[in-house]
Novice: 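Please find one structure pasted underneath; my questions will follow.
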Amino acid sequence: MGALFPHGWVHFLAGGLVIGLGVSLLFALTGRVGGLSTVYTSSWSWFSALPYFQQDRFVRERGWRLLYSVGLVLGAAAWWLATGEGGQGTGLSPGRLVVGGVLVGFGARLGNGCTSGHGICGLASLDRPSLVAVLTFMGAAFVTAWLVPA
Amino acid sequence: MIARAVVTVLAGALFGLGLTMSSMIQPEVVLGFLRGQDMGLALVMGGAIAITLPVYQLLPRLRPAPLLGGTFGRKASPLDRRLVLGAAIFGIGWGICGVCPGPAITGLGVGDLDLLWALGGIVVGAWLQGRLAP
């Protein structure tokens with residue numbers, strides 16, 4: 001276990017279960033499928049007149065998706081208040097975060113989902129395209145992380 | 001209407017809490033997984049799926065509608081070039097910065113301002129995708 005989880009494993013499993021509870025609660029009570037990348041596109045519908053952003057599916061969902069994102073921030077803040085563990089920052093350069101971020105945003109929206117949408121909601125739906133997406137982005141990320149210096 | 005909004009915020013809060021306690025908002029931890037140094041991320045995804053899978057699969061068979069009304073949604077994407085190309089580009093970006101769309105937002109809640117760089121990048125990337133879409 002030590003070799004696989006040098007920083008322990010309980011907090012990983014506990015965090016995953018709490019995430020599952022959140023996604024399940026949302027579905028059980030509202031029927032909503034709670035991936036986290038659509039909000040980036042649906043929120044642009046407030047600011048951009050481009051026809052792509054003004055599609056009904058984005059305009060219809062933009063309100064609850066923004067609320068869901070507000071919840072993310074509140075949940076993290078609750079953890080910060082309860083434990084005193086704030087943001088530790090990262091040693092990665094701003095340039096690297098921006099370049100990676102642009103590719104993440106473009107790719108996740110082109111592929112219609114990210115780690116949560118395809119990885120959690122898609123796999124839990126036993127959706128085959130999501131399985132293909134997960135294997136593809138995991139494979140691409142493994143190779144990239146190996147090639148890019150730490 | 002209000003109840004649905006409250007539940008949506010609460011569900012997001014659980015998601016954000018889980019991402020924070022499992023250290024998924026730290027790019028180094030994610031990159032450590034991608035480099036095969038720490039299998040934690042697999043445990044996070046596995047734990048989340050273990051709860052969500054039975055709920056997604058069983059609830060729509062047991063109940064006609066969600067508890068607060070409406071209909072059960074479904075994650076369904078067509079399997080096409082767009083999906084594979086998008087997932088590959090997302091994976092490359094994720095391998096570079098170790099930040100995915102959820103943690104980029106969640107990091108704000110613990111005052112992690114470094115993640116704003118990634119958040120800004122994702123916002124721009126999402127716009128570019130919409131701008132270039134046919």
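Letters A, B, ... are given to chains in the order of the sequence lines, protein chains preceding strands, and every chain is numbered from 1. These figures come from a predicted structure and were not determined experimentally.
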Novice: Using a cut-off of under 4.5 Å on heavy-atom pairs, state which of Gly15(A), Ala82(A), Gly34(A) scores highest against chain B.
Specialist: Gly15(A)
Novice: Kindly check if the number of other-residue, nucleotide or ligand heavy atoms within 6.0 Å of CH2 (Trp46(A)) is above 12?
Specialist: yes
Novice: Output the option from Val134(A), Leu36(A), Thr41(A), Leu50(A) having the highest count of non-hydrogen pairs under 4.5 Å with chain B.
Specialist: Leu36(A)
Novice: Give, as side chain, backbone, both or neither, the part of Trp79(A) having an atom under 4.5 angstrom from any heavy atom of chain B.
Specialist: both
Novice: Name the region of Arg63(B), side chain, backbone, both or neither, that has any atom closer than 4.5 Å to a heavy atom of chain A.
Specialist: neither
Novice: Identify which part of Arg81(B) has an atom lying under 4.5 Å from any heavy atom of chain A, answering side chain, backbone, both or neither.
Specialist: neither
Novice: Measuring heavy-atom distances to chain A, does Leu132(B) have an atom under 4.5 Å in its side chain, in its backbone, in both, or in neither?
Specialist: side chain
Novice: With only heavy atoms counted, which part of Ser48(A) is less than 4.5 Å from chain B, the side chain, the backbone, both or neither?
Specialist: side chain
Novice: Can a side-chain donor-acceptor contact be found between Tyr40(A) and Gln129(B) if the only test is distance below 3.5 angstrom?
Specialist: no
Novice: What pair of heavy atoms forms the shortest contact from Pro101(B) to Ala108(A), and how long is it?
Specialist: CG-CB, 4.3 Å
Novice: At a heavy-atom separation under 4.5 Å, does Val30(B) approach chain A through its side chain, its backbone, both, or neither?
Specialist: neither
Novice: Against chain B, work out which of Leu26(A), Val148(A), Val10(A) has the most heavy-atom pairs shorter than 4.5 Å and name it.
Specialist: Leu26(A)
Novice: Of the non-hydrogen atoms in Ala87(B) and Ala133(A), which two are nearest, and what is the gap between them?
Specialist: CB-O, 3.6 Å
Novice: Looking only at heavy atoms, what is the nearest atom pair of Ala88(B) and Ala140(A), with distance?
Specialist: O-CB, 3.6 Å
Novice: Which atoms of Gln55(A) are under 4.5 Å from chain B, going by heavy atoms: the side chain, the backbone, both sets, or neither?
Specialist: neither
Novice: Write down the atom of Lys75(B), the atom of Ser125(A), and the distance for their closest heavy-atom approach.
Specialist: CB-OG, 3.8 Å
Novice: Over 60° means perpendicular and under 30° means parallel, so classify the ring planes of Trp94(B) and Phe137(A), tilted if in between.
Specialist: perpendicular
Novice: List the atom of Leu17(B), the atom of Gly75(A), and the distance in Å for their closest heavy-atom pair.
Specialist: CD1-O, 3.7 Å
Novice: Examine whether an atom of Phe27(A) lies under 4.5 Å from a heavy atom of chain B, and if so say whether it belongs to the side chain, the backbone or both; otherwise answer neither.
Specialist: both
Novice: Would a hydrophobic clustering, with Ile, Leu, Val, Met, Phe, Trp and Tyr connected at side-chain separations under 4.5 Å, put Phe5(A) with Leu19(B)?
Specialist: yes
